[in-house]
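Taking it in order: structure first as structure tokens, then the write-up.
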Protein chains: 2
Amino acid sequence: MPSAPARSKTQPSTWEKELHRFIEASGNTTHAFGLGRLIGRMYALLYLHPGPLSLERIATDLEISKASASLTIRQLEQWHAVRHVPVSGDRRHFYEAETAFRVIVRDGLLPGIRKKLSSAGDQIGRTLHAGTPSASDDRRASTPDVQLIRKRLKAAASLHRKLDAVLSSRLLENLL
Amino acid sequence: MPSAPARSKTQPSTWEKELHRFIEASGNTTHAFGLGRLIGRMYALLYLHPGPLSLERIATDLEISKASASLTIRQLEQWHAVRHVPVSGDRRHFYEAETAFRVIVRDGLLPGIRKKLSSAGDQIGRTLHAGTPSASDDRRASTPDVQLIRKRLKAAASLHRKLDAVLSSRLLENLL
DNA sequence: GGCATCGTTTAGTAAAAACTGAACGATGAT
DNA sequence: ATCATCGTTCAGTTTTTACTAAACGATGCC
């Protein structure tokens, strides 16, 4: 019998293996939504863990480097998906998952989406503006094509406004 | 003066340059949402173009290969964002943008999101099931840790159900 | 002060995704 | 039937993204 290392590394039980599987699946989900695989894995790890975890512990558990852990944990913080928990007498950083999805959606997800949409909205406005007939032009001066395009741009602008209204209303968060 | 090519390639006007800029920005937007840059550029091109465009025309306008154009156009078709328009007496494939965003959201976007979410929901169920105390166990047999994790998993399952309900209701599409 | 430990930054590497060119099969024209 | 043209497939390449190792700065400890 080989001498066991100090760090307990017993065979994982079925339950623990299932938790690991859950973590991997979470990574796949976030990845499917274009958010990278690590962010989902890390959040799941913290979400499934009662009590805070140190940064290094997170890194070893997920089998990633400290650098990646540091980078990803800050993304999660930006999204309000994770909280930094100071532990007195310990210089290390501990983190725990925000379990109130409502908060994550309200303070993290929706603002992020709105920001991305706003630049799109700006562009719609710019293009629409570039197509407005100048004062010197007679009405009906622009070609039918340009008129059609402007109509479509207006429809896009309208969609953008409605979307933004839904996202900034508390409608969505109240449903969850 | 070099002899001009047959294909008219006059200097683009300010308006045309702005349209081009719009197309690029659309690509950035879709890319920001994890959908690839081409899909946004291509949809924008078609959206801004009155009347259908041939596949090759799309490729040359976007300065991409026919292969990419073919692949991307099919993605757009899957999302109901683009329609194939047969032109009698022409073997080429012509496409036009679906301008009713409502249709794209209902038939393309939401089903896609729901599909991705469902696999996540399955995994939650599996993990939860793996943690249910077996009948032989006394009640209170599982450790407090396991109980807490199960509680969280149930919360996740609840969120998933609510999300799915919102996405499958016609609430969202009616708002746009 | 010097030492040890932690998190971050940076520059480089590995992995993944996007894109292309060429070959192919299909379809219609002559 | 032969040829030309179009869209798709597939293997290979380029570009982008994700990740790491190592150096660094900061902070507490002796």
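The basis for the numbers below is simple: all heavy atoms, side chains too, and nothing from hydrogens, waters or symmetry mates. Letters A, B, ... mirror the listed sequences (proteins, then strands); counts begin at 1.
- The distance between atom CG of B:Leu55 and atom C1' of D:dT5, rounded to the nearest whole Å, is 13 Å.
- Closest approach of A:Val166 to A:Ser169, counting heavy atoms only: O-OG, 2.9 Å.
- The six-membered or imidazole ring of B:Phe101 lies near that of B:Tyr47, with a centre-to-centre distance under 6.0 Å.
- Not one N or O on the side chain of B:Ser70 forms a donor-acceptor pair closer than 3.5 Å with the backbone of B:Ala67.
- Summarising the geometry, the separation between CD on B:Glu63 and P on C:dC19 is reported as 13 Å, rounded to the nearest angstrom.
- Contact check on B:Arg126 versus B:Asp122 returns no salt bridge, with no Lys/Arg side-chain nitrogen under 4.0 Å from an Asp/Glu carboxylate oxygen.
- Considering only the side chain of B:Ser68, C:dT20 comes nearest among C:dT20, D:dT27, C:dG28.
- At the heavy-atom level, A:Arg74 lies under 4.0 Å from the strands shown only through sugar-phosphate atoms.
- In the set D:dT20, D:dC6, C:dC19, the nucleotide with an atom closest to the side chain of B:Leu38 is C:dC19.
- In this structure, the CZ atom of B:Arg57 is 14 Å from the P atom of D:dG7, given to the nearest Å.
- Neither OP1 nor OP2 of D:dC19 sits under 4.0 Å from any side-chain N or O of A:Arg41.
- If you take NE2 of B:His93 and P of D:dG7, they are 6 Å apart, rounded to a whole angstrom.
- Rounded to whole Å, the distance from NE2 on A:His84 to P on C:dT8 is 9 Å.
- Taking atom CG of residue A:Asp90 and atom P of nucleotide C:dT5, one finds them 13 Å apart after rounding to whole Å.
- When the P atom of D:dG7 is taken as reference, atom OH of B:Tyr95 falls 7 Å away, rounded to whole Å.
- Between A:Glu56 and A:Arg37, the residue whose closest nucleotide on DNA chain C is further toward the 5' end is A:Glu56.
- A:Leu71 comes within contact range of no nucleotide atom at all, as no heavy-atom separation falls under 4.0 Å.
- Looking only at side-chain heavy atoms (C-beta outward), A:Leu175 and B:Leu163 stay at 4.5 Å or farther from each other.
- Distances shown here put every side-chain N or O of A:His31 at or beyond 4.0 Å from the OP1 or OP2 atom of C:dA15.
- Rounded to an integer number of Å, the gap from A:Arg92 CZ to C:dA4 P is 18 Å.
- Of the candidates D:dT20, C:dC6, C:dT5, C:dT5 carries the atom nearest the A:Arg91 side chain, counting heavy atoms from C-beta on.
- In terms of position along DNA chain D, the nucleotide closest to B:Phe94 lies nearer the 5' end than the nucleotide closest to the other residue of the pair B:Phe94 and A:Lys66.
- Here A:Ser65 does not reach the OP1 or OP2 of D:dA21: none of its side-chain N or O atoms lies under 4.0 Å away.
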